[in-house]
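Scroll down for the structure; my scribbles are underneath it.
Counting starts at 1 for both ligands and their atoms, in listed order.
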Amino acid sequence: MNQQRAARGVEGPLVLIVEDEPQVKAFLETSLVASGFRVEHAPNGARALSMAAQYVPDLVLLDLGLPDVDGLEVLRGLRPWCLAPVIVVSARGQERRKVEALDAGADDYIVKPFGVPELLARMRVALRNVARRHAGALETSCTIGPLRIELEARRVFCAGELVHLTPIEFKLLAALVAHSGKIVTHRQLLAEVWGPNASEDSGYLRVYMTHLRRKLDPGRAWPRLFRTEAGVGYGVAAPEEFDERAGEAAQ
Ligand code: CA
């Protein structure tokens, strides 16, 4: 607790931990404070909503299994007015819940049990994405590991070589890059690429993702660029996430 009090004076980002299990809460609190975050804790959904309004956190870690209301209800309650990114914490094997959470506006999710480095990486990505959104920076080009994407020119380079993508492949890549570092659900991708009346058939997506992978990661010579979550969606690594992985691979 002393450690926590000392850290409260530091202007680290404020994280609201919504978690009913005391052991998980204690673990999260210790880990985050040690990493320079400030923390507040809500043990149930009702407190989560009132504390989010009271403290205006920079990020919310939301357990889906709460004693009073479903975590998804808390998310739906927060989303209309709370600008903080929300990372959902779910139990293993609940793909359906992950999809619902992402579709309801969660920025990312993490599955129990998880390691602190993974959690911190997800938090950094979520905070960076929000900072970028607030700055209103419309990025016209982006580099992720070996990939360079020029959005206006609609050109993609992989390891310095220009790669020809079809218009649909480019739209799909652009949609993933716009949310780099997080999983985008099948429904979101179908709507962004094929329009709001797109079919719910994720078979299309699988085909185009296979094309993208083949064209952009031909030799699998570098750490994983694309993320696939079966039954949930797809993602592309965030730039700094990729740097970290490349660093790990080099050690
Ligand atoms: Ca719980």
Side-chain angles (χ1 to χ4, degrees), residues 1 3-5 7-8 12-127 129-130 179 181-188 227 229-233 235:
M1 287 310 273
Q3 192 186 16
Q4 184 191 338
R5 258 184 229 118
R8 278 175 199 266
L14 177 64
V15 180
L16 177 61
I17 300 171
V18 186
E19 174 61 68
D20 59 312
E21 291 167 52
Q23 286 175 338
V24 179
K25 174 251 179 191
F27 161 74
L28 287 173
E29 188 165 30
T30 305
S31 307
L32 295 185
V33 167
S35 298
F37 292 94
R38 294 172 296 141
V39 297
E40 290 293 342
H41 169 244
N44 57 49
R47 290 281 290 143
L49 288 168
S50 64
M51 288 179 74
Q54 184 183 352
Y55 291 103
V56 194
D58 297 299
L59 187 142
V60 179
L61 274 185
L62 175 62
D63 181 29
L64 286 186
L66 296 171
D68 56 343
V69 292
D70 188 342
L72 279 174
E73 289 309 311
V74 177
L75 177 62
R76 293 192 182 105
L78 286 174
R79 210 61 299 184
W81 55 271
C82 176
L83 296 174
V86 177
I87 297 179
V88 160
V89 180
S90 76
R92 185 172 292 281
Q94 297 190 316
E95 271 64 33
R96 180 86 211 115
R97 303 270 287 161
K98 291 183 207 165
V99 174
E100 286 173 347
L102 291 169
D103 278 337
D107 291 77
D108 204 351
Y109 64 82
I110 192 162
V111 177
K112 288 179 183 176
F114 51 83
V116 171
E118 185 189 3
L119 174 65
L120 292 175
R122 301 287 183 87
M123 288 172 60
R124 276 197 296 272
V125 168
L127 288 167
N129 284 344
V130 163
H179 306 280
K182 63 177 279 194
I183 291 288
V184 191
T185 66
H186 296 148
R187 184 186 296 174
Q188 289 169 338
R227 282 166 72 190
E229 291 285 338
V232 180

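- Taking 3.0 Å as the threshold, D63 counts as a candidate ligand of the Ca ion (ligand 1), since one of its N, O or S atoms lies below it.
- Between the Ca ion (ligand 1) and G65 there is an N/O/S contact shorter than 3.0 Å.
- Salt-bridge annotation for R97 and D70: present, with a side-chain N of the basic residue lying under 4.0 Å from a carboxylate O of the acidic one.
- The Ca ion (ligand 1) is closest to atom OD1 of D20 (considering only N, O or S atoms).
- Here the side chain of R227 pairs no donor or acceptor atom with the backbone of G233 at under 3.5 angstrom.
- Salt-bridge check for D63 with K25: failed, with every basic side-chain N at 4.0 Å or more from each acidic carboxylate O.
- When atom types are taken as modelled, the side chain of E29 and the backbone of H41 share no donor-acceptor pair closer than 3.5 angstrom.
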